[in-house]
Amino acid sequence: MQENLTALVESAGIVGAGGAGFPTHVKLDAKADIVIINGAECEPLLRVDQQLMAKYAGRLLAALDRIVVHLGAQEGVVALKEHYHTAAEALRRELPNYPKLRLHLLGAFYPAGDEQVIVYEVTGRVVPEGGIPIHVGAVVTNVETALNVLDAIDGHPVTDKYVTLAGAVRTPKTVKVPLGITVAQAIELAGGATVADYRIINGGPMMGRLVSPDSVVTKTTKGLLVIPAGHPLLHSLERPLGVSLRQAAIACMQCSLCSEVCPRGLLGHRIQPHKLMRLTAYANMCDPKQTPVNAYLCCGCRLCEYACVMGLQPWKLNGNLKNILGSQGIRNNLHNKPEQGAPFRELKRYPVHKLIHQLGIAAYDVEAPMDESVAPVYQKVALPLAQHVGAPAEPVVKEGSKVEKGQLVARIPEGKLGANIHASISGTVTVAGGDSIVIQQDI
């Protein structure tokens with residue numbers, strides 16, 4: 001029943017599939033004016049959401065409609081890039097069945113998928129500094145997350161993940177795999193790497209992180225990118241913090257280009273990365289209206305680095321400042337709510353095609369078609385107990401327990417923020433504790 005939607009979603013273990021992994025049942029425990037499906041997928045090379053919108057347009061709109069009714073919203077919007085033609089056409093064919101729903105086409109800029117940016121693009125409302133979309137009456141959810149909501153209504157918990165496999169692989173593709181398989185196993189589905197020495201990015205080239213081939217696919221894995229050793233993209237990600245800070249002190253010429261393109265600054269938030277960079281050289285921001293606390297307003301999109309003519313990394317400085325402030329118990333006290341975005345904002349949005357060339361990944365910007373053919377049978381999965389925002393899940397099974405795919409194996413701790421975890425294969429539990437649950441298929 002509709003009134004049980006929040007409980008169904010909580011039981012199914014649904015979290016944000018395209019970001020930090022915030023538990024979806026918490027988002028649904030609210031009232032909103034508008035629900036936005038974030039189909040921007042603005043990270044270069046990723047293809048999951050575009051293909052899900054094209055292939056499952058009817059299911060996506062059905063899911064959105066259920067969420068709109070549940071939250072008491074006036075409308076639901078699927079926001080996607082204007083050049084996702086196949087997805088847009090598929091959605092338009094289904095829209096007449098849903099009078100409360102509409103499409104919103106976004107430009108090809110980065111980071112259109114930042115949830116505060118997408119709220120402004122769709123509604124014209126500015127989320128307050130340090131705030132979240134519900135503060136302006138909006139709920140934003142990812143495409144795959146919304147489809148998982150419909151699966152939960154049908155009685156299916158989260159056990160699998162859609163992932164784009166791209167970069168230096170033989171056959172770039174998008175696949176559906178069980179949670180808990182290794183990154184190396186997933187990459188083999190794309191024919192493996194085409195180079196001998198490489199690194200792997202979990203996520204997109206901008207906000208993703210370097211991971212080991214032995215790490216596992218989780219509920220937030222969106223893409224796995226194989227990048228050859230020595231690639232400029234790796235020079236950025238692997239640059240030590242100390243080096244970044246020294247370079248900032250020596251080379252920052254206060255041109256302010258980083259501040260000109262900062263997506264949160266363009267929403268009117270009081271973040272100016274070039275002024276924060278002054279801390280490295282002067283231990284002072286030279287502006288009484290700015291303090292290190294302004295670093296909390298950084299969304300970590302890394303765009304500042306690619307606007308900088310010196311290749312400096314304000315985002316890394318901001319991340320370090322947030323860690324220092326947090327460790328000292330200093331919280332964000334900036335909550336200003338601008339009425340509108342910055343002047344000329346539309347002219348300062350960063351084109352994705354320009355970013356792709358700056359990143360040096362144009363050769364990898366190819367189709368990665370959906371392949372839902374029968375996947376290999378995996379003998380073992382390792383399910384991390386912490387693959388979401390909040391407290392790690394607590395095991396409800398013991399070593400030696402027999403489990404079926406879809407069975408609850410770990411639950412949210414009492415009174416805590418978190419998400420349930422379900423078996424992604426059938427088999428025997430060989431580890432139930434520490435930081436994960438390991439399931440071995442019975443032979």
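Heavy atoms only: backbone and side chains are in, while hydrogens, waters and symmetry mates are out.
With hydrogens and angles ignored, the 3.5 Å screen pairs a side-chain donor or acceptor of Lys219 with a backbone N or O of Gly13. Using modelled atom types, no side-chain atom of Gln272 and backbone atom of Ser259 make a donor-acceptor pair closer than 3.5 Å. Looking at Tyr110, its side chain does come within 3.5 Å of a backbone N or O of Cys301 through a donor-acceptor pair. Using modelled atom types, one side-chain atom of Thr164 and one backbone atom of Arg47 make a donor-acceptor pair closer than 3.5 Å. At distances below 3.5 Å, not a single donor-acceptor pair connects side-chain atoms of Glu305 with backbone N or O atoms of Leu312. A distance-only check finds a donor-acceptor pair linking the side chain of His135 to the backbone of Ile132 [under 3.5 Å]. Judged purely by atom type and a 3.5 angstrom limit, His274 has no side-chain atom pairing as donor or acceptor with the backbone of Cys258. The main-chain N or O of Ile118 is never found under 3.5 Å from a side-chain atom of Asn38 such that the two would form a donor-acceptor pair. Remark: side-chain polar atoms of Asn420 are paired, donor with acceptor, to backbone N or O of Glu10 under 3.5 angstrom. A distance-only check finds a donor-acceptor pair linking the side chain of Tyr120 to the backbone of Gly341 [under 3.5 Å].
Between the OG1 atom of Thr174 and the CD atom of Gln51 there is a distance of 4.0 Å, given to the nearest 0.5 Å. Between atom CD1 of residue Ile34 and atom OG1 of residue Thr123 there is a gap of 6.0 Å, rounded to the nearest 0.5 Å. With rounding to the nearest 0.5 angstrom, the NZ atom of Lys405 is 7.0 Å from the OG atom of Ser424. In this structure, CE on Met253 lies 14.5 Å from CD1 on Ile250, to the nearest 0.5 angstrom. Atoms CG and SG, from Leu321 and Cys298 in turn, are 9.5 Å apart once rounded to the nearest 0.5 Å. To the nearest 0.5 Å, the span separating NZ on Lys161 from OG1 on Thr159 amounts to 12.0 Å.
One finds a salt bridge joining Glu260 and Lys348 here, because a Lys/Arg side-chain nitrogen approaches an Asp/Glu carboxylate oxygen to under 4.0 Å. Between Arg270 and Asp287 there is no salt bridge, since no side-chain N of the basic residue sits under 4.0 Å from a carboxylate O of the acidic one. Ion pairing of Arg264 with Asp114 is present here, as a side-chain N (NZ or NE/NH1/NH2) and a carboxylate O approach within less than 4.0 Å.
Checked by atom type, the side-chain pair Thr430/Gln440 shows no donor-acceptor distance below 3.5 Å. Donor-acceptor pairing under 3.5 Å is recorded for the side chains of Tyr162 and Glu372. With 3.5 Å as the limit, one finds no donor-acceptor pair spanning the side chains of Gln340 and Arg345. Ser236 and Arg302 share a donor-acceptor pair across their side chains, judged by distance under 3.5 Å alone. When only modelled atom types and interatomic distance are considered, Arg278 and Gln254 share a side-chain donor-acceptor pair under 3.5 Å.
For the side-chain contact (heavy atoms from CB on, under 4.5 Å) with Val175, the lone residue among Leu165, Asp160, Val48 that qualifies is Leu165.
Side-chain contact between Thr218 and Val216: present, with at least one pair of heavy atoms (C-beta onward) separated by less than 4.5 Å. Residues Val139 and Leu71 form a side-chain contact, since some pair of their non-hydrogen atoms from C-beta on lies under 4.5 Å apart. Considering only heavy atoms from C-beta on, Thr182 stays 4.5 Å or farther from Asp214 through its side chain.
For Ala423 against Leu383, the heavy-atom pair with the smallest separation is CA-CD1, 4.1 Å.
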Walk me through it: do Trp315 and Leu317 pass the test side-chain contact (heavy atoms from CB on, under 4.5 Å)? CA-CA 5 Å; Trp315 63 274; Leu317 167 64; over 6 Å; no

Val293 vs Ile330, side-chain contact (heavy atoms from CB on, under 4.5 Å): CA-CA, chis, key distance, verdict: CA-CA 8 Å; Val293 174; Ile330 300 171; 4.1 Å; yes

Go through Glu238 and Arg199 one step at a time and tell me if the side-chain contact (heavy atoms from CB on, under 4.5 Å) criterion holds. CA-CA 11 Å; Glu238 294 176 332; Arg199 306 291 181 270; 3.5 Å; yes

Using the rule given for side-chain contact (heavy atoms from CB on, under 4.5 Å), can you reason through Ile14 versus Glu144, listing the C-alpha separation, both sets of side-chain angles and the distance that settles it, and then say yes or no? CA-CA 10 Å; Ile14 301 174; Glu144 188 176 358; over 6 Å; no

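A 6.0 Å sphere centred on NZ of Lys337 holds more than 12 heavy atoms belonging to other residues, nucleotides or ligands. Counting non-hydrogen atoms of neighbouring residues, nucleotides and ligands closer than 6.0 angstrom, the CG atom of Asp435 reaches no more than 12 such neighbours. Annotation: Lys380, atom NZ; neighbour count of heavy atoms from other residues, nucleotides and ligands within 6.0 Å does not exceed 12.
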